[in-house]
Protein chains: 2
Amino acid sequence: TAHVIVCGNEKGGSGKSTTAVHLAIALLKMGHRVATVDLDGRQLSMTRYLENRRRWAAASGNQLEIPQHFHVPPVRRNSVGEAERSEFKALMEGLAEIEYRHDFIVIDTPGSDTYLNRLAHRICDTLVTPLNDSLVDFDVLARVDAVSNEVIEISQYAESVRDARRERRNADNAMLDWVVVRNRMAFINSRNETKVDACLRKLSAQLGFRISDGISERVIFREFFPVGLTALDELEDRVLGTRPTLSHLAARQEIRRLVQTLRLPIGED
Amino acid sequence: TAHVIVCGNEKGGSGKSTTAVHLAIALLKMGHRVATVDLDGRQLSMTRYLENRRRWAAASGNQLEIPQHFHVPPVRRNSVGEAERSEFKALMEGLAEIEYRHDFIVIDTPGSDTYLNRLAHRICDTLVTPLNDSLVDFDVLARVDAVSNEVIEISQYAESVRDARRERRNADNAMLDWVVVRNRMAFINSRNETKVDACLRKLSAQLGFRISDGISERVIFREFFPVGLTALDELEDRVLGTRPTLSHLAARQEIRRLVQTLRLPIGED
Ligand SMILES: Nc1ncnc2c1ncn2[C@@H]1O[C@H](COP(=O)(O)OP(=O)(O)OP(=O)(O)O)[C@@H](O)[C@H]1O
Ligand SMILES: Nc1ncnc2c1ncn2[C@@H]1O[C@H](COP(=O)(O)OP(=O)(O)OP(=O)(O)O)[C@@H](O)[C@H]1O
Ligand SMILES: [Mg+2]
Ligand SMILES: [Mg+2]
């Protein structure tokens with residue numbers, strides 16, 4: 001069955017949707033069969049990104065790789081148990097539909113602790129956690145001493161991942177591979193960047209995640225959202241009035257390097 | 001009673017907590033009595049920021065202005081109605097405790113559509129909505145045509161604000177003042193920045209919000225989270241190993257300019 005990649009982080013705006021879309025398109029361009037699932041049923045960033053892509057492909061006549069996609073719409077019930085059962089059913093039926101016809105399923109999750117979010121973490125093979133180069137973002141993983149960088153206490157998102165991992169191991173002895181990637185990084189090194197780096201390294205041993213090279217802050221990762229294009233696509237276009245740039249090539253390399261770091265079951269180096 | 005400022009945006013990571021903390025400290029330093037409320041009961045970014053500030057004040061012996069603060073802890077009930085009643089009670093009792101002894105109440109909200117979030121929008125006098133310089137963030141306000149920038153459709157967060165505004169007007173004839181401020185802006189103007197600016201201006205007329213000058217991406221807005229210090233504070237410190245910088249002064253000016261733009265009931269220019 002498909003290898004499941006979840007983009008997860010309870011911290012809002014860490015780059016989950018951006019990373020999920022770029023990973024999915026990168027894997028498609030490598031020739032794999034990719035499906036995507038949007039569990040942020042209210043915000044639907046990934047869903048809209050792909051809808052924009054579909055619409056642009058039709059409007060421009062360009063052939064664009066598009067993953068098979070579904071989202072789980074928000075469910076409102078008076079009983080929490082009822083809402084969760086309904087969401088569970090929607091997710092499982094959606095997955096059953098795609099898991100044998102694709103190599104990868106990339107799942108985008110919301111920036112909040114929801115039932116679907118916890119469920120996604122229990123079914124993933126690879127968990128990709130982007131986070132801003134910030135101790136505010138870091139705080140959902142762990143609290144650190146302001147001066148020594150020592151880990152004082154594990155925070156709620158790290159505990160969530162630990163719970164999900166344990167349940168998965170007990171269920172089918174599979175090991176969740178957790179990769180943390182810093183996102184929206186400035187080009188200039190700063191005292192803050194050095195501190196976040198040090199704290200992440202200390203924490204990676206304790207929590208059992210690997211650290212990928214960071215992804216830079218690049219307008220190209222978001223500028224083409226309205227037409228559903230990504231850094232992996234050809235962006236030179238008369239309609240859009242765009243030309244190739246070095247930043248574009250660098251952005252593409254950063255996503256490819258992330259794919260490599262994930263050590264996915266692919267026939268590649 | 002106190003003038004209520006809510007930092008709201010369903011989009012995660014738009015800068016609500018950062019803006020809320022900086023606004024609260026700025027108002028305190030201007031001599032006003034300020035209380036703060038954290039409605040992101042799971043993530044608690046504002047609460048931790050202020051706890052760190054309290055701890056640093058004690059450890060360093062520095063006098064630091066600290067707002068009276070409370071948060072509403074997450075409530076889990078089997079019945080949604082029960083959970084909401086409990087949250088309503090916690091918020092109203094907390095507010096009753098502070099609303100007559102303070103000039104301003106600054107409320108931080110989560111990056112997701114929760115009952116407490118909708119409630120906060122119904123009681124605010126001033127709504128501050130930060131957003132990243134990005135059409136992905138813009139998407140929770142409205143969908144625009146990729147080429148013409150025309151507004152195709154209003155999105156979920158804008159609808160939420162419209163509902164809250166209407167309810168407030170019907171309740172006590174008060175008008176919610178909505179100010180949108182772009183956050184984490186790059187210093188270099190880009191085609192993307194021009195586009196977001198154009199889209200925001202079109203939308204501001206339609207949705208009835210004012211646009212404040214943007215706040216720049218500055219490490220100083222997040223670097224001192226572990227010691228609870230903000231751009232409004234003196235940051236030169238032997239322990240922290242920091243010296244004054246131009247960015248610090250510029251950051252302070254950006255927050256003060258936002259305060260001015262909010263046209264709060266203050267005896268100031
Ligand atoms: N590497 C990057 N370079 C430039 N902009 C980026 C980058 N990564 C993300 N962004 C922008 O940062 C903002 C947050 O990113 P994104 O929406 O992907 O995060 P998220 O974790 O999915 O947020 P949420 O919690 O709301 O789901 C968006 O405006 C996005 O366009
Ligand atoms: N102007 C700024 N300059 C530099 N970093 C910033 C700025 N504003 C916010 N940040 C950083 O961006 C990230 C998101 O900001 P913040 O947590 O305040 O957003 P939020 O809207 O409260 O997020 P959430 O939806 O998770 O509650 C944090 O890492 C924060 O430190
Ligand atoms: Mg997202
Ligand atoms: Mg916040």
Side-chain angles (χ1 to χ4, degrees), chain A residues 10-18 40 42-45 48-49 52 55-56 59 74 76-81 83 110-114 132-140 143-147 156-157 184 186 190-193 195 217 219-220 222-228 239-242, chain B residues 10-18 40 42-45 48-49 52 55-56 59 74 76-81 83 110-114 132-140 143-147 156-157 184 186 190-193 195 217 219-220 222-228 239-242:
Chain A
E10 263 185 65
K11 183 66 183 82
S14 48
K16 300 175 289 296
S17 304
T18 299
D40 194 344
R42 165 96 176 165
Q43 193 166 289
L44 296 173
S45 303
R48 294 197 195 176
Y49 210 133
N52 294 343
R55 193 180 312 119
W56 179 251
R76 287 204 74 83
R77 301 279 190 283
N78 287 331
S79 140
V80 167
S112 54
D113 175 42
T114 65
N132 283 296
D133 187 27
S134 169
L135 291 163
V136 175
D137 277 41
F138 190 91
D139 204 59
V140 305
R143 220 141 328 158
V144 288
D145 180 80
V147 180
Q156 70 275 21
Y157 180 63
R184 302 193 68 181
S190 65
R191 181 179 50 214
N192 176 72
E193 189 271 326
K195 192 166 174 70
E217 167 79 10
V219 171
I220 201 170
R222 63 179 189 247
E223 181 176 8
F224 298 102
F225 166 79
V227 287
V239 173
L240 300 175
T242 50
Chain B
E10 263 185 64
K11 183 66 183 82
S14 47
K16 299 176 289 295
S17 302
T18 298
D40 194 344
R42 165 99 176 164
Q43 191 166 294
L44 296 174
S45 304
R48 293 197 195 178
Y49 209 132
N52 294 344
R55 193 179 311 119
W56 179 251
R76 289 203 72 83
R77 299 280 188 283
N78 287 332
S79 140
V80 166
S112 55
D113 176 43
T114 64
N132 282 298
D133 188 26
S134 168
L135 291 164
V136 174
D137 277 42
F138 190 91
D139 205 59
V140 305
R143 222 142 323 158
V144 287
D145 180 82
V147 179
Q156 70 273 23
Y157 180 63
R184 302 193 68 181
S190 65
R191 183 178 48 214
N192 176 70
E193 188 271 328
K195 192 167 176 70
E217 167 79 10
V219 170
I220 200 170
R222 63 179 190 246
E223 182 177 8
F224 298 101
F225 166 79
V227 287
V239 173
L240 299 175
T242 50

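Computed from a prediction, not measured in an experiment: that's the story for all the values here. A note on names: the letters A, B, ... follow the listed sequences, proteins ahead of strands, and every chain is numbered from 1.
Legend: residues meeting salt bridge (Lys or Arg N to Asp or Glu O under 4.0 Å) with B:Arg77, ordered by chain and number and at least two apart, are B:Glu82. Remark: A:Glu217 engages A:Arg184, A:Arg222 in a salt bridge (Lys or Arg N to Asp or Glu O under 4.0 Å) (not counting sequence neighbours).
Only the side chain of B:Val219 comes within contact range of chain A, judged by heavy atoms closer than 4.5 Å. Contact annotation for A:Ser134: both backbone and side-chain heavy atoms come within less than 4.5 Å of a heavy atom of chain B. Interface residue A:Asp133: backbone and side-chain heavy atoms are both found under 4.5 Å from chain B. Interface remark: B:Arg48 contributes side-chain atoms only to the contact with chain A (heavy atom separation under 4.5 Å). Interface remark: A:Phe138 contributes no atoms to any contact with chain B (heavy atom separation under 4.5 Å).
Listed options A:Asn52, A:Asp139, A:Asp145, A:Asp40 were ranked by heavy-atom pairs under 4.5 angstrom with chain B; first place goes to A:Asp139. When the candidates B:Thr18, B:Leu44, B:Asn78 are compared by the number of heavy-atom contacts under 4.5 Å with chain A, B:Asn78 comes out ahead.
Of the possible polar contacts, one joining the B:Lys195 side chain to the B:Ala146 backbone as a donor-acceptor pair under 3.5 Å is found. Looking at A:Lys11, its side chain never comes within 3.5 Å of a backbone N or O of B:Gln43 through a donor-acceptor pair.
Between B:Glu223 and A:Arg191 the shortest heavy-atom distance is OE2-NE, 2.5 Å.
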